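What you are looking at is a predicted structure, and each value in this text was computed from that prediction instead of being measured. Scope of the values below: all heavy atoms of this structure, side chains included, with no hydrogens, waters or symmetry mates.
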Amino acid sequence: MVRFCVRLDSGLGAGEAWRRVTLWERHADVVPLTRITVVEGPGDGVGTVFVARSGVGALAFDDPMEVAVWRPPLGERAGFCRLVKRGSFVTGWAEIEVRPGAGGGSRVVWREELRVWGVPRVFDPLVGWVARRVFGRAVRRLLALP
């Protein structure tokens, strides 16, 4: 298993930052070679299931995820979302935390634990390094999209 964490400060308020990082379909706009489809539930709450399809042609795979915890930010309380990966190729979980920050901004923390089927543990450091870069870039870009 690979664990990683991305922390970013934003000038956006916590509510707006939360909205931007939890619009699941928009993740496809910032993650290369990925399409995302909400297949069950409201899209913004517990029980929502969405599938990220990544890759090209025969080299593509599905990464189904389910929202297990959904607690948007409220006042000074941080928002928290936990996703459980339900696939056979990529397993694990992701947590998104958005808390109010200094000057009306916010801090976004993305924690994830993942395992990629067929990838030996000796490659965990490389997978973690790549994942931090990819998710850090994705969160920065999501926060920049209107």
Side-chain angles (χ1 to χ4, degrees), residues 1-119 124 127-146:
M1 288 263 176
V2 172
R3 286 189 179 180
F4 67 92
C5 183
V6 173
R7 290 179 182 84
L8 292 168
D9 291 323
S10 172
L12 299 169
E16 181 60 16
W18 172 267
R19 184 189 72 78
R20 292 183 188 195
V21 298
T22 62
L23 285 172
W24 310 122
E25 293 95 338
R26 303 264 335 255
H27 286 234
D29 296 338
V30 300
V31 178
L33 304 174
T34 299
R35 291 186 325 263
I36 298 184
T37 307
V38 174
V39 295
E40 190 176 315
D44 61 352
V46 171
T48 294
V49 176
F50 59 95
V51 177
R53 179 146 183 92
S54 299
V56 178
L59 298 178
F61 66 93
D62 288 338
D63 183 10
M65 291 169 256
E66 181 175 354
V67 177
V69 178
W70 179 267
R71 199 171 54 236
L74 181 61
E76 293 300 310
R77 185 189 77 190
F80 181 79
C81 176
R82 182 175 175 90
L83 305 171
V84 178
K85 294 177 173 286
R86 300 281 189 214
S88 56
F89 186 67
V90 178
T91 59
W93 51 263
E95 294 177 341
I96 303 165
E97 182 180 334
V98 180
R99 62 178 55 255
S106 59
R107 170 166 277 192
V108 177
V109 179
W110 186 294
R111 292 178 200 88
E112 190 154 342
E113 179 178 282
L114 60 90
R115 178 171 205 92
V116 181
W117 181 85
V119 176
D124 282 358
V127 171
W129 183 85
V130 169
R132 271 189 298 283
R133 297 318 172 272
V134 168
F135 281 92
R137 180 176 180 258
V139 172
R140 272 192 300 283
R141 292 182 71 198
L142 284 167
L143 291 170
L145 289 174

Enquirer: So which heavy atom on Pro146 is nearest to which on Arg26, and how close?
Expert: O-NH1, 2.7 Å

Enquirer: For a side chain to side chain contact (heavy atoms under 4.5 Å, CB included) check, start with the C-alpha distance between Thr22 and Trp70, then their side-chain angles and the critical distance, and finish with the verdict.
Expert: CA-CA 10 Å; Thr22 62; Trp70 179 267; 3.6 Å; yes

Enquirer: For the residue pair Val108 and Val98, what are the closest heavy atoms and their distance?
Expert: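 In this case the closest contact between Val108 and Val98 is CG2-CG2, 4.1 Å.
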
Enquirer: Which pair of heavy atoms, one from Arg53 and one from Gly57, lies closest together, and at what distance?
Expert: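 Scanning both residues completely, I find the closest heavy atoms to be NH2-O, 4.2 Å.
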
Enquirer: Do Phe4 and Trp110 come close enough that some side-chain heavy atom pair is under 4.5 Å?
Expert: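 Counting from C-beta outward, Phe4 and Trp110 do come under 4.5 Å.
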
Enquirer: Should the heavy atoms of other residues, nucleotides or ligands under 6.0 Å from CZ of Arg35 be counted, would the total exceed 12?
Expert: no

Enquirer: Please determine which of Lys85, Arg82, Arg3 meets the salt bridge (charged side-chain N to carboxylate O under 4.0 Å, His left out) test together with Glu112.
Expert: Lys85

Enquirer: For the atom pair CZ (Phe89) and CG (Leu114), what is the distance rounded to the nearest 0.5 Å?
Expert: 10.5 Å

Enquirer: List the atom of Leu143, the atom of Ser10, and the distance in Å for their closest heavy-atom pair.
Expert: CD1-CB, 4.1 Å

Enquirer: Looking at Ser54 and Thr34, what are the two nearest heavy atoms and their distance?
Expert: OG-OG1, 2.9 Å

Enquirer: What's the spacing between Asp62 CG and Met65 CE if we round to 0.5 Å?
Expert: 10.0 Å

Enquirer: For atom CZ of Arg77, decide whether the heavy atoms of other residues, nucleotides or ligands shown that lie under 6.0 angstrom number more than 12.
Expert: yes

Enquirer: Roughly how far apart are Phe135 CZ and Ile96 CD1, rounded to 0.5 Å?
Expert: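 Phe135 atom CZ to Ile96 atom CD1 measures 9.5 Å (nearest 0.5 Å).
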
Enquirer: To the nearest 0.5 Å, how far apart are CG in Leu142 and CZ in Arg20?
Expert: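 Answer rounded to 0.5 Å: 9.5 Å.
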
Enquirer: Decide yes or no on side chain to side chain contact (heavy atoms under 4.5 Å, CB included) for Val51 and Asp63, but give the supporting numbers first.
Expert: CA-CA 5 Å; Val51 177; Asp63 183 10; 6.0 Å; no

Enquirer: Supply the atom-to-atom distance Glu66 CD to Glu40 CD, rounded to the nearest 0.5 angstrom.
Expert: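 Output value for this atom pair is 7.0 Å.
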
Enquirer: Can you tell me how far apart CD (Glu76) and CZ (Arg99) are? Round to the nearest 0.5 Å.
Expert: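 Output value for this atom pair is 10.0 Å.
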
Enquirer: Does Trp24 have any ring-ring contact (aromatic ring centres under 6.0 Å, His included) partners at least two apart in sequence or in another chain, and if so, which?
Expert: His27, Phe50

Enquirer: Is there side-chain contact between Val46 and Val69, with heavy atoms separated by less than 4.5 Å?
Expert: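 Of all side-chain heavy-atom pairs linking Val69 with Val46, none is under 4.5 Å.
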
Enquirer: Measure across Asp29 and Arg141 and return the closest heavy-atom pair with its distance rounded to 0.1 Å.
Expert: O-NH2, 3.9 Å

Enquirer: If we ignore angles and hydrogens, is there a donor and acceptor under 3.5 Å between the side chains of Trp93 and Glu95?
Expert: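 Side chains of Trp93 and Glu95: no pair found under 3.5 Å.
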
Enquirer: Between Trp18 and Cys81, does a side chain to side chain contact (heavy atoms under 4.5 Å, CB included) hold up when you go through it step by step?
Expert: CA-CA 10 Å; Trp18 172 267; Cys81 176; 3.6 Å; yes

